[in-house]
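No experiment lies behind these values; they were computed from the predicted model shown.
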Amino acid sequence: MYKTIQLFGIAENTNTSFHQRVKDIIKRIPQGKVATYGLIATYAGNPRAARQVAWVLHSSPRKDKLPWHRVINSKRSISLKPNCGYEIQKQLLEKEGVKFGKHDNIDFDRYLWCPY
DNA sequence: AACCTGACTTCGG
DNA sequence: TCCGAAGCCAGGT
């Protein structure tokens with residue numbers, strides 16, 4: 001179905017759904033690092049499915065034990081709105097050592113997850 | 001089936 | 001650098 005890139009022995013598994021691969025990949029994000037929706041979508045095999053990644057997170061982060069807080073948008077900031085999880089996510093990241101700069105941005109050079 | 005909506009991204013002005 | 005529009009895809013109504 002989707003053409004996928006070779007990554008950790010996960011993304012190349014075309015037998016699993018995009019949805020499932022996204023979850024597998026998110027679980028691989030190490031503590032103290034972050035990834036963007038688009039990046040994850042790309043690793044999962046569909047570069048244009050960033051919104052679906054968001055959907056996956058919205059569905060079952062608790063049940064699947066996903067480190068949902070390590071997923072942010074391409075503008076280097078948290079997508080959640082204040083009083084709707086923003087503070088919680090920021091707190092979780094700071095606890096892992098992620099520092100926020102001006103405008104609550106995260107420095108990709110330091111914290112972006114680079115699997116290669 | 002049509003239409004709306006979203007924890008997105010990219011590009012042009 | 002900063003919006004706004006357009007593109008994108010899937011699930012909900």
Please report the distance, rounded to the nearest Å, between CZ in A:R76 and P in B:dC8.
16 Å

Nearest whole Å is fine: how far is B:dC11 C1' from A:K75 NZ?
14 Å

Would you find a donor on one side and an acceptor on the other, under 3.5 Å apart, between the side chain of A:Q89 and the backbone of A:V71?
yes

Would you tell me if any nitrogen or oxygen in the side chain of A:S74 comes within less than 4.0 Å of OP1 or OP2 on B:dT9?
yes

Once hydrogens and angles are ignored, does a donor-acceptor distance under 3.5 Å link the base of B:dA7 to the side chain of A:Y86?
no

NZ/NE/NH1/NH2 to OD/OE distance under 4.0 Å, A:E96 and A:R70:
yes

Charged N to carboxylate O below 4.0 Å: is that the case for A:K99 and A:D107?
no

Residue pair A:R51/A:H103 against DNA chain C: nearer the 5' end by closest nucleotide is A:H103

Return the value, rounded to whole Å, for the distance between atom CG of A:N73 and atom P of C:dC8.
20 Å

Go nucleotide by nucleotide along DNA chain B from the 5' end; which of A:Q52 and A:P47 gets its closest nucleotide reached first?
A:Q52

Residue whose nearest DNA chain C nucleotide is more 5′ - A:W55 or A:R48:
A:R48

A:K81 NZ to B:dC8 C1', in whole Å, measures 13 Å

Rounded off to whole Å, could you give me the CZ-to-P distance for the A:F18 and C:dA10 pair?
8 Å

Here the distance between atom P of B:dA7 and atom CD1 of A:I26, to the nearest Å, is 14 Å

Atom-pair distance (CG on A:L66; P on B:dA7), nearest Å:
16 Å

Heavy-atom closest contact (A:P61 atom, A:W68 atom, distance)
CB-CD1, 3.9 Å

Please state how far atom CD1 in A:I40 lies from atom C1' in C:dC9, giving the value in whole angstrom units.
16 Å

